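Indexing begins at 1, ligand by ligand and atom by atom, following the structure's order. Residue numbers count from 1 along this sequence. Values in this document were obtained by computation on a predicted structure and should not be read as measured data.
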Amino acid sequence: MEILHISAECYPVAKVGGLGDVVGALPKYQHQLGNFAKVVVPAYRTKYYDTHEFDVVHQAGMWLGHDWYHFNVLKERSNELGFDLYLVDIPGLLDTPGVYGYPNDTERFLAFQVAVLDWVNEWQHQPDVIHIHDHHTGLIPFLMYYGYKYGRLKDIPSVLTIHNAQYQGQFGWDKLYLIPSFDLWKSGLLDWGGAINPLAAAIKCAWRVTTVSPGYLEELFYNANGLESLISQEKDKMVGILNGIDTAVWDPEADHMLPANYDIDTMDDGKQQNKEQLCERFGLDATLPLIAFIGRLVGDKGADLLPEIIGRSLHELPGEVNFLVLGSGDPHIEWSLQQTRQTVSYGFNVHIGYDESLSHLIYAGADFLLMPSRVEPCGLNQMYALRYGTIPMVRSTGGLKDTVIDFGDNDGVGIRFNQAGVWDVCYSVKRAIELYHDPAHLEEVRLRGMKRDHSWGSSAQRYLSMYSSMK
Ligand SMILES: Nc1ncnc2c1ncn2[C@@H]1O[C@H](COP(=O)(O)OP(=O)(O)O[C@H]2O[C@H](CO)[C@@H](O)[C@H](O)[C@H]2O)[C@@H](O)[C@H]1O
């Protein structure tokens, strides 16, 4: 089967968060299961773009409203990722160092979608499935069906995966002229709440819609940032498939970003060595339990709670625990974390920014990984933590609920709490410290987590079965 994944991110080419991880891994596993997976992403000017070689496989131009853009489709030459990687290069729009956050993001991702459709429209053959990810590619199923230029693509099954429904990519109807011409009688399919809403359009028009965990699908019926009624309306074509993790990239035994590698037999020693390096770098005490947070500093991740959680815990439990935060996002949260760092004299440090190799060191060196998320469609961090023998502390929501059982229950691998609130989390911090001081129990919980299988195997197979059911 030939599957074309279209996405704004793909690790290691361009990653901002979990979307990149999934699009960098799922196609590889689909390939290993005997399929032909291709991935197409924008040609941002990232390190990967600068350090790899590409062949130009397609050259063309397109109108975006009143502006004309040339674009090239590039194919990565070495095929080192385990699938065919294509980059869409649109100078003047997508040749940016970053992925998101530009004032013309609407135009950038519209142009990306149009370029991909124009290119696929020229293929001699057709892929068996077009698999799009999140709102940045959400207009594709609509245009395949109703865009005048793309009649050839009408019968190709399309799948949307919702990685996070909080972000929908809405823009005003005044930008309608940017979308290639289509049957205007169908414009209602683009609309949600009086705006053009790419995520809603994709939910309406894709043949199948998946969410990244079964728990998140259940949640979307009552918490989908305004799309709840649409989710109910389209429920028959929706399915929750739990993400896996790329166990080749996330492997404490072979991870080249770690100063000390370890496996299940050498975990105690290996983790301690990583912890010592980490603590030395951040001025923390390696004899105390270390609780870390890694992620986007936004309200959905509960990152706004961190300053108070950290301040309160260090005040109530002085000299008993360390905290370390790695992340970037909301400037106000960044600022209050830095203020907290200045206010507390010991036990806390923060690294504002995006740092892939530091994240690996933290997964390996921390004792606990805190995820007080308000919304967590799947969450990959808790699965990485488990693989590295680090105990996840998670709010019971979405995919976190699907993947982490509390250590108080049989087969427990983590710490769970119900509310994304300071009191609940501080109580969990106390439980973490108690567990840390019970070495036999701590080891048992860690080893159980390390033995968990969160690889893509069965989930990749579920996607394939779903594709087959669309024929
Ligand atoms: N500052 C930083 N430095 C280095 N690495 C950093 C970092 N900030 C985040 N990361 C990394 O980015 C990834 C985050 O993945 P998540 O799944 O937690 O979140 P995200 O909300 O982006 O993804 C959305 O899509 C994914 C995939 O479907 C869902 O799991 C998730 O619930 C949904 O919100 C992890 O690999 C993490 O290590």
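- Considering both main-chain and side-chain atoms, Glu376 comes within under 3.5 Å of ligand 1 through a nitrogen or oxygen pair.
- Nearest to atom 4 (C) of ligand 1 among the protein's heavy atoms is Asp355 O, 3.3 Å.
- Judged by distance alone, the side chains of Arg341 and Asn349 do bring a donor and an acceptor atom under 3.5 Å apart.
- The nearest heavy-atom contact from the protein to atom 9 (C) of ligand 1 is Gly295 CA, 3.6 Å.
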Side-chain atoms of residues 326-335: list all donor-acceptor pairs with protein atoms under 3.5 Å, sequence neighbours left out, distances to 0.1 Å.
from   : atom 1 : to     : atom 2 : distance (Å)
Asp330 : OD1    : His332 : N      : 2.8
Glu334 : OE2    : Gly329 : N      : 2.8

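- Of all the heavy atoms of Ser359, the ones lying under 4.0 Å from any atom of ligand 1 belong exclusively to the side chain.
- To the nearest 0.5 Å, atom CG of residue Leu110 and atom CD of residue Glu107 are 7.0 Å apart.
- When hydrogens are left out, the protein atom nearest atom 38 (O) of ligand 1 is Tyr363 OH, 2.8 Å; that is the closest non-hydrogen contact.
- Salt bridge absent: Asp424 and Arg416 never bring a charged side-chain N and a carboxylate O closer than 4.0 Å.
- Ligand-side atoms of ligand 1 in range of Val22: 27 (C), 28 (O), range being under 4.0 angstrom from any heavy atom.
- His131 has its ring centre less than 6.0 Å from the ring centre of Tyr463.
- For ligand 1, one of its N or O atoms has an N or O atom of Arg296 under 3.5 Å away.
- From Ile130, atom CD1 reaches atom CE of Met144 across 4.0 Å, with rounding to the nearest 0.5 Å.
- Side-chain contact, His360 with Asp255: a donor N or O sits under 3.5 Å from an acceptor N or O.
- Scanning all protein heavy atoms for the shortest distance to atom 22 (O) of ligand 1 gives Gly18 N, 2.9 Å.
- Under 4.0 angstrom from ligand 1, the non-hydrogen atoms of Leu380 come from both its backbone and its side chain.
- In this structure, the side chain of Arg108 does not engage the main chain of Leu94 through any donor-acceptor pair within 3.5 Å.
- Heavy-atom contacts of Pro377 reach the following atoms of ligand 1: 32 (O), 33 (C), 34 (O) (cutoff under 4.0 Å).
- Contact annotation for Asn243 and ligand 1: only side-chain heavy atoms (C-beta onward) come within less than 4.0 Å of the ligand.
- Remark: the Thr46 side chain and the Lys15 side chain contain no N/O donor-acceptor pair separated by less than 3.5 Å.
- Within the structure, ligand 1 lacks Gly399 among the residues with a heavy atom less than 4.0 angstrom away.
- Near Gly379, the atoms of ligand 1 lying under 4.0 angstrom from a non-hydrogen atom of the residue are 17 (O), 29 (C), 30 (O), 31 (C), 32 (O).
- Taking the six-membered ring wherever Trp is involved, the centroid distance between the rings of Tyr384 and Tyr363 falls below 6.0 Å.
- Under the 6.0 Å distance and 45° angle rule, Arg45 counts as a cation-pi partner of Tyr49.
- Close approach of ligand 1 to Val212 is summarised as follows: ligand atoms under 4.0 Å from at least one heavy atom of the residue are 28 (O).
- Here the straight-line distance linking atom NZ of Lys237 with atom CG of Leu160 works out to 8.5 Å at 0.5 Å rounding.
- From the protein, the heavy atom lying nearest to atom 34 (O) of ligand 1 is Asn164 ND2, 3.3 Å.
- Between Glu376 and the options Arg296, Lys301, Lys401, a salt bridge (Lys or Arg N to Asp or Glu O under 4.0 Å) holds for only Lys301.
- Under a 4.0 Å criterion applied to the non-hydrogen atoms of Asp21, ligand 1 contributes the atoms 13 (C), 35 (C), 36 (O).
- Distances below 4.0 Å separate heavy atoms of Gly327 from the following atoms of ligand 1: 1 (N).
- Across Asp269, Asp367, Asp285, a single residue satisfies salt bridge (Lys or Arg N to Asp or Glu O under 4.0 Å) together with Lys275, and that is Asp367.
- Closest protein heavy atom to atom 16 (P) of ligand 1: Asn381 OD1, 3.8 Å.
- Not a single heavy atom of Tyr11 sits less than 4.0 Å from an atom of ligand 1.
- Ligand 1 has at least one atom lying under 4.0 Å from a heavy atom of Lys15.
- Close contacts of ligand 1 with Tyr384, meaning ligand atoms under 4.0 Å from a residue heavy atom, involve 35 (C), 36 (O).
- Taking the centre of each ring, His135 and Phe109 stay at or above the 6.0 Å mark.
- Short contacts between ligand 1 and Gly353, defined as distances under 4.0 Å to a heavy atom of the residue, involve ligand atoms 1 (N), 2 (C).
- Among all protein heavy atoms, the one lying closest to atom 10 (N) of ligand 1 is Tyr354 CE1, 3.9 Å.
- If you check which protein heavy atom lies closest to atom 25 (O) of ligand 1, you get His163 CB, 3.6 Å.
- Checked against a 3.5 angstrom limit, the closest N/O atoms of Gly17 and ligand 1 fall outside it.
- Heavy atoms of Lys301 come nearer than 4.0 angstrom to ligand 1 in at least one pair.
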